[in-house]
Amino acid sequence: MFLSWVAWVAWSHGTPDAESAMVGFDVASDSSATAQVDVQLETGVEATCKVRAFAEDHTIVGEVSFTPEEGRNEVTVRTERRANTVELVGCVTSDQQRPR
């Protein structure tokens, strides 16, 4: 019984409903940045993904949540001031609360 539980836990955590990876970003202006995010979704799964923009002093200057499509997604983040980096927080689903 214990081994089957361990196998189930390993499988369920090893095969997420949604996975994402930052491909790149571009700081377009003092008020926006664009991120390219690759997303892999299980068939029929709806996800929400989050991207954050940071200023040079490491403060968050912009954040956006979006509903991704399978494959490459280009997302614009509006910023309070110029960002110098963009971070992908990850994607969640109704059954996957940990961003991936």
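Quick note: residue numbers are just sequence positions, from 1.
In this structure, the side chains of Val39 and Cys91 come closer than 4.5 Å at one or more pairs of heavy atoms.
The number of heavy atoms from other shown groups lying within 6.0 Å of CD (Glu69) does not exceed 12.
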Please report the C-alpha distance between Val64 and Val75 in whole Å, then the side-chain angles of each, then the deciding distance to 0.1 Å, and finally whether the side chain to side chain contact (heavy atoms under 4.5 Å, CB included) criterion is met.
-> CA-CA 8 Å; Val64 65; Val75 183; 3.5 Å; yes
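Counting only N and O atoms by type, the side chains of Thr93 and Asp95 include no donor and acceptor under 3.5 Å apart. For the residue pair Arg81 / Ser31, no side-chain donor-acceptor distance below 3.5 Å is found, with atom types taken as modelled.
What you find for Val92 and Arg98 is that their closest heavy atoms are CG1-C, 4.0 Å.
Judged by distance alone, the side chain of Gln96 and the main-chain N or O of Ala18 form a donor-acceptor pair under 3.5 Å. Proximity of a side-chain donor or acceptor of Gln97 to a complementary backbone N or O of Ser94 within less than 3.5 Å is detected. Remark: the backbone N or O of Ser32 is paired with a side-chain donor or acceptor of Thr79 at under 3.5 angstrom.
Residues passing the side chain to side chain donor-acceptor pair (under 3.5 Å) test with Glu80, sequence neighbours excluded: none. Partners of Asp26 according to the salt bridge (charged side-chain N to carboxylate O under 4.0 Å, His left out) rule, which considers only residues two or more places apart in sequence or in another chain, do not exist here.
Hydrophobic clustering places Met22 together with Phe66 (ILVMFWY residues linked when any side-chain heavy atoms are closer than 4.5 Å, directly or through intermediates).
For the atom pair CD (Glu42) and CG (Asp17), the distance works out to 6.0 Å, reported to the nearest 0.5 Å.
Grouped by direct or indirect side-chain proximity (heavy atoms under 4.5 Å, Ile/Leu/Val/Met/Phe/Trp/Tyr only), Val61 sits alone.
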What donor-acceptor contacts under 3.5 angstrom involve side-chain atoms of residues 82-90, with partners at least two apart or in another chain?
residue: Arg82; atom: NH1; partner: Ser29; partner atom: O; Å: 3.4
residue: Arg82; atom: NH1; partner: Asp30; partner atom: OD1; Å: 3.0

Pairs under 3.5 angstrom only: tabulate donor-acceptor contacts from the side chains of residues 45-55 to other protein residues two or more places apart or in another chain.
residue: Arg52; atom: NE; partner: Glu63; partner atom: OE1; Å: 2.5

